[in-house]
Number of protein chains: 2
Amino acid sequence: MEKQTVTIYDVAREAAVSMATVSRVVNGNPNVKPATRKKVLEVIDRLDYRPNAVARGLASKKTTTIGVIIPDVTNAYFSSLARGIDDIAMMYKYNIILTNSDENGGKEVQVLNTLMAKQVDGIIFMGNQVTDELREEFRRSKAPIVLAGSVDAEKTQPSVNIDYVAAVAEAVKNLIDHGNEKIAFVSGSMDQAINHDYRLKGYKKALKDAGIAYDDKLVFETDYTYKAGQSLEPALNAAGATAAFVGDDELAAGVMNGLTDAGVAVPDEFEVITSNDTKLTELVRPKMSSITQPLYDIGAVAMRLLTKLMNNETVDENTVILPYGLMKRSSTK
Amino acid sequence: MEKQTVTIYDVAREAAVSMATVSRVVNGNPNVKPATRKKVLEVIDRLDYRPNAVARGLASKKTTTIGVIIPDVTNAYFSSLARGIDDIAMMYKYNIILTNSDENGGKEVQVLNTLMAKQVDGIIFMGNQVTDELREEFRRSKAPIVLAGSVDAEKTQPSVNIDYVAAVAEAVKNLIDHGNEKIAFVSGSMDQAINHDYRLKGYKKALKDAGIAYDDKLVFETDYTYKAGQSLEPALNAAGATAAFVGDDELAAGVMNGLTDAGVAVPDEFEVITSNDTKLTELVRPKMSSITQPLYDIGAVAMRLLTKLMNNETVDENTVILPYGLMKRSSTK
DNA sequence: TGCAAGAGTGAAAACGCTTTCACATCAAAG
DNA sequence: CTTTGATGTGAAAGCGTTTTCACTCTTGCA
């Protein structure tokens, strides 16, 4: 025995008005006589009428739902962004369809398509490897798409980020200032624009400014996991590094613990600076120095930007750069 | 100049068949002559036709979308569950609308309502404080709802969990076996069923089994944050505790670091065992001993259960209990 | 040769809303 | 009193699918 759903038509009949009028009061349209409005509201209340958002979406061509593509919710960096996104979305009455992509191009394209099929009003994309195919999909989307905490070298989409090049350069300079000359650059895949086109650039810049020669033996390309970091100690040691810039906090924690476990003292014998300033940096011992990013805000601002785009408001700047900082904790001198 | 969307009608016209037939081929209905199917598929391809999921949802009364209510994505425990949920959901062609509730009753009710308005096919709820009002909303929902990693004392909804009482009892027994008599019970709000009706019960049981008197001075009700744990050291000390069972990993990390920072040696002078076995337990030093839970699986199984419910398959057991374990690391002797 | 039973297809009615357009009403202005 | 411009309301046409039902062909079989 299915519960019978009450529709706008039922309300109209009971209130002795037209569907149009019911629709008006539901949507807060001011062109309704107060007496009528009251009458309709009473019936709505009595019948416990709840508008069907799907029907609404079909008729109005707006779903008040946005799609969010995230590499992995389980990653503290991204989940912080996601929280910022959701909070602002909720503030603007949007809901979020969240899907994990594992930064896998095929999955990203597929997910993007189902999001578009579901007629989301907008999309927020996180992930640093924007393939040509993906870019093509972006282009064909009628819903606006903004990148959050992610970069695409082609800069074809609106995005919100920090200035990665400058941030990394500053972090590395800090290490250099402490007397380190052999500084490792540890990050995830170099196929990712953020590593290849931004972080590495910052790293090289700092080196160059200090007159230190770039040595690709000091560049460690691995994946963003604790384990990967932990097992990096021998290689780091073999390369003669005395400090490392690391592109991810979990990875950095691994690097640091791997070092410590191998009897290398951090920061006295080896300094580590990381990138994302997630909670993690405070939990490990020694606490990790890090580039600071307004994670929550990156998500929040991205979502805010998206709302403007969805409303066809003109936005002065398509790519917004938020301020970063450097937080000295105990993994650097 | 809006891009003109191509509809099923356009395809039908171009392929010289009816909409019904196009619908059939799109949905893989076998009652279509191969030749016809081929012809239609060609047109679909040529026009780049993409079915509108909203229209589909309206007509079929299925949205292939489920709602997920999560206290906070940023929390490692819950985000692990969320990942399990999403993976299985994707496997069954569902998408997920994710909303953060902060375990705030009012927000939960509101979110639940918007999810139902959006006609989700099912809902997964995480949160340990099921108010009467919430229970009422659950009841009125036509979409099935399952609790994941969350308990409701009334057991009115399907759920997937571990046996919290037994797990906590075992953890505490372990502490007792190490010679501790004054064992602190540290958790979040006692209003939450999981703390009040499960964990505390397990704690008391272990005490009773060992013939140790229960002392509510040793029960610390706080919130699930690192900071809260960190500042607990003086109180713990004042109560004369020599060990603690903690209900959340981040909180436990705080407790442990607070202790360490105050010069209390873990585990020699104070043992700590935590509850959720998130990655965190491995990142801090000493590594934390913990009850182990199959986090990902709890989410995955909950989602799987939900698919069955949505298909009206009969399920033998409405509440599934997954196995737990105890992982000894370095925060206990 | 005739007939029952599929197989394949199309017409059209939902699905539950928004929105356009036309119309009616009414108060203020001439 | 008329005219006018707002204000309030309803009829009905979408929105893009799925699904039911009826109908036409084919086949296989008696």
Side-chain angles (χ1 to χ4, degrees), chain A residues 2-41 43-44 47-65 93 114 116-121 142, chain B residues 2-41 43-44 47-65 93 114 116-121 142:
Chain A
E2 269 301 305
K3 302 170 196 171
Q4 191 54 54
T5 59
V6 0
T7 73
I8 199 174
Y9 179 76
D10 299 319
V11 176
R13 181 170 30 72
E14 288 290 308
V17 298
S18 72
M19 289 164 53
T21 297
V22 178
S23 176
R24 287 191 188 96
V25 351
V26 168
N27 291 295
N29 183 317
N31 284 0
V32 181
K33 202 170 6 172
T36 313
R37 178 185 309 279
K38 180 149 173 285
K39 185 173 59 175
V40 172
L41 284 175
V43 175
I44 286 179
L47 302 190
D48 191 28
Y49 165 67
R50 294 146 181 248
N52 178 323
V54 173
R56 250 214 261 233
L58 182 59
S60 69
K61 293 169 169 292
K62 297 208 173 311
T63 54
T64 62
T65 301
K93 312 276 185 204
T114 95
M116 287 164 51
K118 294 209 171 172
Q119 313 297 120
V120 295
D121 296 337
K142 49 171 48 166
Chain B
E2 269 301 304
K3 303 168 194 170
Q4 191 56 52
T5 60
V6 359
T7 74
I8 198 175
Y9 179 77
D10 299 318
V11 176
R13 182 171 26 74
E14 287 291 307
V17 299
S18 72
M19 289 164 51
T21 296
V22 178
S23 176
R24 288 191 188 96
V25 350
V26 167
N27 292 295
N29 184 316
N31 284 0
V32 180
K33 212 185 335 186
T36 313
R37 178 186 310 280
K38 180 148 173 288
K39 183 174 60 177
V40 171
L41 284 175
V43 174
I44 285 179
L47 302 190
D48 191 28
Y49 164 68
R50 294 148 182 243
N52 177 322
V54 173
R56 247 214 264 235
L58 183 59
S60 68
K61 293 171 169 291
K62 298 211 174 309
T63 54
T64 63
T65 302
K93 312 278 187 204
T114 94
M116 288 165 49
K118 293 208 170 171
Q119 314 297 119
V120 295
D121 295 337
K142 48 172 47 166

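Chain A is the first sequence line, chain B the second, and so forth, proteins listed ahead of strands; every chain is numbered from 1. FYI, side chains are in, hydrogens and waters are out, and symmetry mates aren't considered; it's all heavy atoms of this structure.
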Restricting to pairs with a member in residues 13-22 of chain B, which pass salt bridge (Lys or Arg N to Asp or Glu O under 4.0 Å), not counting sequence neighbours? B/D10-B/R13, B/E14-B/R46
Interatomic distance, NZ@B/K61 vs OG1@A/T5, rounded to 0.5 Å, equals 5.0 Å
Partners meeting side chain to side chain contact (heavy atoms under 4.5 Å, CB included) with B/K62 (sequence neighbours left out): B/S60, B/D121
Just jot down the side-chain hydrogen bond (donor to acceptor under 3.5 Å, both in side chains) partners of A/T36, sequence neighbours excluded, or say none. none
Could you pull out all residues at least two apart from A/A55 that satisfy side chain to side chain contact (heavy atoms under 4.5 Å, CB included)? A/N52, B/L58
Does any pair with a residue in residues 24-33 of chain A pass side chain to side chain donor-acceptor pair (under 3.5 Å), and if so which ones, sequence neighbours excluded? A/S23-A/N27, A/N27-A/R56
Can you measure B/N27 atom CG to D/dT17 atom P for me and round it to whole angstrom units? 11 Å
Contact boundaries of DNA chain C with chain A (under 4.0 Å, heavy atoms), 5' to 3'? C/dG16 to C/dT20
Once each nucleotide of nucleotides 4-14 of chain D is scored for protein heavy atoms under 4.0 Å, what B/S/- sequence comes out, 5' to 3'? ----SBBB--B
Compare all side-chain heavy atoms of B/V17 with those of B/V22 and state whether any distance is below 4.5 angstrom. yes
Nearest heavy-atom neighbours spanning A/T7 and A/Y49: C-CE1, 3.6 Å
Which residues satisfy the side-chain hydrogen bond (donor to acceptor under 3.5 Å, both in side chains) test with B/K118, sequence neighbours excluded? A/T64, A/T65, A/N95
Report which part of the nucleic acid A/T7 touches: base, sugar-phosphate, or nothing (heavy-atom distance under 4.0 Å, all strands). sugar-phosphate
Which residues satisfy the salt bridge (charged side-chain N to carboxylate O under 4.0 Å, His left out) test with B/K38, sequence neighbours excluded? B/E42
Axis-to-axis angle across the helix from C/dT1-D/dA30 to C/dG30-D/dC1, five pairs each end, nearest 10 degrees, ~ 50°
Between C1' of D/dT18 and CG of B/L58, the distance in whole Å: 10 Å
Please state whether the phosphate of D/dT19, meaning OP1 or OP2, lies under 4.0 angstrom from any side-chain nitrogen or oxygen of B/K61. no
Nucleotide D/dT17, atom P - distance to CG of B/N52 in whole Å: 5 Å
Please name all residues satisfying side chain to side chain contact (heavy atoms under 4.5 Å, CB included) with B/M19, sequence neighbours left out, ordered by chain then number. B/I8, B/Y9, B/A12
Please classify the nucleic acid contact of B/S60 as base, sugar-phosphate, or nothing, using heavy-atom distances under 4.0 Å. sugar-phosphate
